[in-house]
Amino acid sequence: MKMFPSPKKQSSSTTGKSKDKTSFFEAVFEVARKIPKGRVSTYGAIAEATGLRITPRMVGWAMHAAGSAKPKVPAHRVVNRLGELSGKDHFEQPGLMQALLEAEGLTVKDGKIQQFKKFYWDPNEHK
């Protein structure tokens with residue numbers, strides 16, 4: 001059973017054959033890297049912005065793997081549709097996701113971004 005969609009393919013100018021140039025993880029990382037400091041986006045918005053047929057859960061899988069990505073991915077800026085820090089347990093240290101967001105000026109209370117709508121950044125409006 002195939003769990004992931006086929007990655008984007010781009011044709012090679014030298015061989016004329018299709019060659020994998022990017023995985024869906026890389027597409028997710030590209031969108032997440034655009035989230036401005038002091039703002040947050042959601043798994044669902046990022047899934048939609050990739051233009052791929054992926055789910056918010058798949059974006060979560062990519063964020064879980066983002067720690068080893070280069071250049072760095074600001075995974076702490078990705079929250080669920082309610083503004084909750086649903087990925088907080090996947091950070092190296094307890095409280096790190098919250099600390100990173102608070103260092104950028106956001107207020108987090110009980111695992112949720114306060115004034116979420118004010119700080120929400122929609123990647124689909126910034127393509």
Side-chain angles (χ1 to χ4, degrees):
M1 182 168 117
K2 193 171 187 178
M3 298 209 37
F4 304 110
S6 299
K8 285 184 180 178
K9 296 189 182 234
Q10 297 177 354
S11 61
S12 169
S13 60
T14 57
T15 64
K17 294 181 181 178
S18 292
K19 189 172 184 181
D20 291 344
K21 292 288 185 183
T22 183
S23 70
F24 88 86
F25 275 33
E26 290 166 340
V28 167
F29 296 163
E30 182 181 326
V31 175
R33 286 183 183 112
K34 294 177 182 177
I35 304 169
K37 187 175 183 176
R39 303 292 296 274
V40 292
S41 194
T42 64
Y43 300 102
I46 291 171
E48 185 179 326
T50 66
L52 302 173
R53 295 180 65 194
I54 62 174
T55 66
R57 185 172 297 237
M58 294 170 81
V59 172
W61 293 337
M63 289 298 100
H64 181 65
S68 60
K70 296 208 183 335
K72 289 185 178 185
V73 176
H76 65 284
R77 296 181 189 147
V78 183
V79 298
N80 72 17
R81 64 184 175 82
L82 302 174
E84 298 167 338
L85 311 188
S86 55
K88 68 181 185 272
D89 295 332
H90 299 286
F91 282 76
E92 294 175 11
Q93 303 162 354
L96 180 58
M97 183 178 188
Q98 180 171 333
L100 292 168
L101 289 167
E102 289 174 341
E104 293 184 8
L106 283 82
T107 301
V108 179
K109 183 176 179 184
D110 297 324
K112 188 172 181 176
I113 303 288
Q114 300 301 289
Q115 297 182 300
F116 172 60
K117 289 183 180 181
K118 176 181 176 182
F119 295 104
Y120 173 71
W121 182 81
D122 187 347
N124 298 292
E125 294 178 2
H126 298 89
K127 288 186 177 181

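The ring pair (Phe, Tyr, Trp, His ring centres under 6.0 Å) analysis of residues 95-127, with sequence neighbours excluded, yields the pairs F116-Y120, W121-H126. Note on residues 92-110: pairs passing side chain to side chain donor-acceptor pair (under 3.5 Å), not counting sequence neighbours, are H76-E104, R77-E104, Q98-E102.
One hydrophobic cluster holds both V31 and I35 under the rule that ILVMFWY side chains link at heavy-atom gaps under 4.5 Å. Hydrophobic clustering keeps I46 apart from V79 (ILVMFWY residues linked when any side-chain heavy atoms are closer than 4.5 Å, directly or through intermediates). Side-chain heavy atoms closer than 4.5 Å link hydrophobic residues (I, L, V, M, F, W, Y) into clusters, and following such links, even through other members, never connects L100 to V73. When hydrophobic clusters are built by joining Ile, Leu, Val, Met, Phe, Trp and Tyr residues whose side-chain heavy atoms come closer than 4.5 Å, directly or via intermediates, L101 is not grouped with V78. No path of Ile, Leu, Val, Met, Phe, Trp and Tyr side chains, each step under 4.5 Å between heavy atoms, connects V40 with M63, placing them in separate hydrophobic clusters.
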Report, one line per pair, each donor and acceptor closer than 3.5 Å where one atom sits in a side chain of residues 81-91; sequence neighbours left out.
{"unit_1": "E84", "atom_1": "OE1", "unit_2": "N80", "atom_2": "ND2", "d": "2.8"}
{"unit_1": "H90", "atom_1": "ND1", "unit_2": "H64", "atom_2": "ND1", "d": "3.1"}

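E48 CD to I54 CD1: the interatomic distance, rounded to the nearest 0.5 Å, is 11.0 Å.
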Could you go step by step and tell me if M97 and V108 meet the side-chain contact (heavy atoms from CB on, under 4.5 Å) rule? CA-CA 10 Å; M97 183 178 188; V108 179; over 6 Å; no

Apply side-chain contact (heavy atoms from CB on, under 4.5 Å) to the pair E30 and T50, showing each step before the final yes or no. CA-CA 8 Å; E30 182 181 326; T50 66; over 6 Å; no

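At a threshold of 4.5 Å between non-hydrogen side-chain atoms, the residues V28 and M58 do not count as touching.
The backbone N or O of I113 sits nowhere less than 3.5 Å from a side-chain atom of Q115 that would complete a donor-acceptor pair.
When all heavy atoms of R33 and A69 are compared, the pair lying nearest together is NH2-CB, 4.0 Å. Closest non-hydrogen pair, N124 versus A49, comes out as OD1-CA, 3.2 Å. Among all heavy-atom pairs drawn from A75 and A66, the shortest one is CB-CB, 4.2 Å. Taking each heavy atom of F29 and A62 in turn, the nearest pair found is CE2-O, 3.2 Å.
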